[in-house]
Amino acid sequence: MSDQSGKHDELVHPAARPFLWLDAKWLKSSMLWILLVLALGFAAIDLFHHRHEYVHVAETPGFYALWGFGSFVLAVMVGWFVIRGFLGREEDYWDGEGDQ
Amino acid sequence: MIEALYDVSPAWPVIIAGLIAAAVPNHHVRKGLALIAPVLAGFLWFNVPSGVHTGGIIELGGFTLETFRYDGLSRIWGLIFIIAAFINALYGLHSRDRVGDASGLIYAGAGLGAVFAGDLLSLFFFWELTAISSVFLIWGSKTNEAYKAGLRYLAIHVLSGVMLLAGAVIHSADTGSWAFDESLSVNTLGGFLIFLAFGIKCAFPFLHNWLQDAYPKATVTGAVVLSAFTTKLAVYALARGYAGTDMLIWIGAVMTAFPVFFAVVENDLRKVLSYSLNNQLGFMVVGIGVGTELAINGAAAHAFVHIIYKALLFMSMGAVLYRVGTVKASELGGLFKTMPATAIFCIIGAASISAFPLFSGFVAKAMTLAAVAHEGHYIVWFILLFASAGVLEHSGIKIPYFAFFAHDKGHRVREAPVNMLMAMGIAALMCVYLGWPDMFGIPGGYRALYNLTPFPEVANEYPMWTFDHVVGQMQLLLAALFAFAFLVRMKWYPDEKRSINLDFDWVYRRALDGTARWGHAMFGRLWASIGNVLAAARTRIGGRLFQAFSPMGAISRDIPSGMLAIWTSALLAIVLIIAYIAP
């Protein structure tokens, strides 16, 4: 296996070296807070600016932020518990009789 | 402008180049053909005078075939098919595959031919040609799974063609016309059969699994080529024949939503892209169902940008497959360290499909959403909004994150070949250009896209770059990104693991296949049982006959002459009595 950080790995592409910080632990641990601040920041704009929408409920402050968060969580949970839970199979499932 | 070429469909140079490529063993000549043919097609496209043009008429067997109908709808689809054919040729330059080169060209040409077809018979010809030529892009992988998936793909698409022909014949008998236009209707048998034929190719719910089955098993280049033509041809066909058909709104809405759930837990990243493709088609189908000028513009613009960014994503995953040998999310991670350019191109594709402002998806999807809301389809609008967050999940985050970032799996491979990088670079530039706003009095790149739409005046009147629109979209995307980070931090995000998920294809690959096998086995047994019964009966009857007529049988036994005389007398008496009584 290669050097995980890539700093001393000669096989890392020269163009990628300036961006190895993207793999840094501090960035991974702080990404949650960075995104939270950005999401709240854009949601907060609605407090000072009234958006005009075709669908009136979308004019509720922070509507898109709430819908985006809820939709994402719903997609992941349904995918995880319903699709994988009920329909997930071993990788060699189709190697059986029906696929011959 | 060369007037003599006005009637030549851009499909022909591409198809002819494919036929020549099939016969040419020299790799460089084939690649030259693959690059030159789309350029020639592009020339023919530009050569046509603006407005509506009908040409390429062929009289055949009493039928009039119209091979080149150029109007607002076919114009935009034709151009993007030509661009896609060129980018695909560039991407596949490294591959030494004669069959792949030839089939890729014929397939692209057939797609163009179908787009420019003005009648149902021409459409049928090119429709079937797309199916037959494209299957070689799947078989080119030369694996058993690809071979079987290719057979299923071919069967389903030939069925689509047969339904199209049957519908066309019935439609023609009803109306006396073979025209491929808005006269089609789902309320007639012929029209409904054609609608179903289009629905199969468009991967409607329950008719969709050929897509997720076949595309991930195609060759590295094949998947890129396949992603561009088949399904978008079907979208075009729906826009041409069934714009404003209400049921398309709900069909499209379902198409946008259900693939999201499957993509979340899919491990094969090219299969994730196939589900994502299904989801994107849903937006276009909704737009066609709404059927207003703004909605049709939305569908057309979406198809245009989608072909580019979806090809870009398939190209990036193809490059990963080419270098690493797998696109299983569970086996990937950290590839940005060795494939940085591919990673950047993939991120641009991901940003475009997620509809981030300044990228092409943003300016296309917005028109469809606005048209849906404007026509009062609020539930569908909410579903599309959900699907927009879903797109971000599977294509915006999952594809680049698990391939290029996440946990470094230690793959130290080389960057993608130069030709692949060039193809991805062109696609990435287009993703940015087509999403670029008006700035400092200079028209943005999105204007070029809007001017290509079937109703450019309507498109250009649409207030695309408003503060409200940008803020709303950024709220949606950033909150969804935060949701991802939150779920990962809480360990509530499912692990990528080596597994598959059953989909509707289980019905025909396992249930119907099992039923057919069971039926075959039962019929075999029944046939054997009938044989046994017949054999037993034959033995029994034969035995009886033998007992009666054989030399030792009952009939052959010696009968005493006295007894014979009595019987003869009795029979004579009976005959005399009958003769006496009879009148």
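In what follows, every chain begins at residue 1, and chains take the letters A, B, ... in the order their sequences are listed.
- Both the backbone and the side chain of B:Arg498 have a heavy atom closer than 4.5 Å to some heavy atom of chain A.
- For B:Leu487, the part sitting under 4.5 Å from any heavy atom of chain A is the side chain, from C-beta outward, and nothing else.
- Comparing A:His49, A:Glu90, A:Met31 by how many heavy-atom pairs each has under 4.5 Å with chain B, the most go to A:His49.
- In this structure, chain A has no heavy atom under 4.5 Å from any part of B:Leu512.
- Looking at A:His50, only its backbone comes within 4.5 Å of chain B, counting heavy atoms on both sides.
- Against chain A, the residues from residues 327-336 of chain B that qualify, each with a non-hydrogen atom under 4.5 angstrom away, are B:Lys328, B:Phe336 in number order.
- Residue A:Val57 touches chain B through its side chain alone, counting heavy-atom pairs closer than 4.5 Å.
- Ring pair A:Trp26/A:Trp21 is parallel by interplanar angle, where below 30° counts as parallel and above 60° as perpendicular.
- For A:Phe63, the parts sitting under 4.5 Å from any heavy atom of chain B are the backbone and the side chain alike.
- The structure places NE2 of B:His394 at 10.5 Å from CZ of B:Phe261, a figure rounded to the nearest 0.5 Å.
- With hydrogens and angles disregarded, a donor-acceptor distance shorter than 3.5 Å links the side chain of B:His208 to the backbone of B:Phe206.
- Within the 4.5 angstrom heavy-atom criterion, no atom of A:Leu40 approaches chain B.
- Considering only residues two or more places apart in sequence or on other chains, B:Val471 meets the side chain to side chain contact (heavy atoms under 4.5 Å, CB included) condition with A:Ile45, A:Asp46, A:Arg51, B:Phe467, B:Gln475.
- Ranked by heavy-atom pairs under 4.5 Å with chain A, the list B:Gly514, B:Ala485, B:Ala343 is led by B:Ala485.
- For the residue pair B:Tyr275/B:Asn501, the side-chain donor-acceptor check at 3.5 Å is not satisfied.
- At a 4.5 Å heavy-atom cutoff, the contact between A:Phe19 and chain B is made by backbone and side-chain atoms alike.
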